[in-house]
Amino acid sequence: MSIEQNRDLAFKCFDAINRQDAGGLAAVLSPKWAEEIRGWFAEADAAWPRLWMDVVDTVAEGDRVWCRVRTSGTRGSCAGNPEARREWTSTSVWFLRIADEKIVEVEWLFDELSLMRQFGAIITPTL
């Protein structure tokens with residue numbers, strides 16, 4: 001696949017995640033990753049209602065695509081905490097590898113510190 005086709009595959013993946021489209025995920029992800037991400041849907045609905053992921057930047061080279069993603073939503077009930085309905089936004093970087101016209105590897109880094117601050121956590125560094 002060309003670099004542009006790989007980049008398009010990444011955009012299709014995030015579109016399928018946003019729509020919670022199991023068929024769309026199966027079309028772009030390996031079976032292992034399609035199943036794992038489909039498993040997030042019910043959990044995400046409870047913890048992060050109105051979850052939405054926008055691809056802000058991409059870098060593609062060979063069989064790899066890196067995506068900077070802005071994620072937003074509303075905090076629902078998670079980690080045993082009552083529902084807060086507080087809006088939030090955060091940034092992550094997703095690292096994707098493509099083989100045989102599917103995304104076969106997925107890794108990401110997520111700005112958890114920013115998210116915790118938006119929910120009122122007090123972060124105290126220890127030295």
* Asked: Strictly by modelled atom types, are T58 and R7 linked by a side-chain donor-acceptor pair under 3.5 Å?
  -> yes
* **Spatial distance of atom CD (E105) from atom NZ (K32) [nearest 0.5 Å]** => 8.0 Å
* Do the side chains of V104 and I37 join up, straight or via other hydrophobic residues, at under 4.5 Å, putting them in one cluster? -> no
* R19/D15 salt bridge by N-O under 4.0 Å criterion -> yes
* **Heavy-atom pair with the smallest gap, counting every atom of M1 and E101** => SD-CA, 3.1 Å
* Would you kindly confirm whether L25 and W52 end up in one hydrophobic cluster when ILVMFWY residues are joined by side chain heavy atoms under 4.5 Å apart? => no
* Structure fact -> For A10 and C67, the nearest pair of non-hydrogen atoms, with its separation, is CB-SG, 3.8 Å
* Just by distance, with hydrogens left out, do W94 and S92 show a side-chain donor and acceptor under 3.5 Å apart? -> yes
* Asked: Is the side chain of Q118 donor-acceptor paired with the backbone N or O of T89 at a distance under 3.5 Å, no angle test?
  -> yes
* Asked: Which pair of non-hydrogen atoms, one from T74 and one from W88, has the smallest distance, and what is that distance?
  -> N-NE1, 3.3 Å
* If you round to the nearest 0.5 Å, how far is CG of D111 from CZ of R117? -> 8.5 Å
* Asked: Applying the 4.5 Å side-chain criterion to the ILVMFWY set and letting contacts propagate, would M53 and L115 be lumped into a single cluster?
  -> yes
* Asked: Are L29 and F14 connected, step by step, through hydrophobic side chains (Ile, Leu, Val, Met, Phe, Trp, Tyr) whose heavy atoms are closer than 4.5 Å?
  -> yes
* Provide the closest heavy-atom pair for W33 versus I103 in the form atom of the first, atom of the second, distance. => CD1-O, 4.5 Å
* With rounding to the nearest 0.5 Å, note down the distance linking CG in D21 to CZ in R38. => 10.5 Å
* Structure fact -> Correct closest heavy-atom pair for F95 and W66 would be CD2-CD1, 2.6 Å
* Flag the pair C13 / F11 as yes when at least one side-chain heavy-atom distance between them is below 4.5 Å, and no otherwise. => no
* 4.5 Å side-chain heavy-atom contact, V65 and V59 -> no
* To do: Using atom types as modelled and distance alone, determine if a side-chain donor or acceptor of K102 lies under 3.5 Å from a backbone N or O of A26.
  => yes
* Please confirm whether the backbone N or O of G62 pairs with a side-chain atom of N6, one donor and one acceptor, at under 3.5 Å? => yes
* Asked: Is the number of heavy atoms from other residues, nucleotides or ligands within 6.0 Å of CD (Q5) greater than 12?
  -> yes
* Are any non-hydrogen side-chain atoms of V93 and V69 less than 4.5 angstrom apart? -> no
* Asked: R70 and side chain to side chain contact (heavy atoms under 4.5 Å, CB included): which partner among D57, V55, V56?
  -> V56
* So do the side chains of L51 and W40 get within less than 4.5 Å of each other, counting heavy atoms only? -> no
* **Heavy-atom side-chain contact between T71 and T91 under 4.5 Å** => no
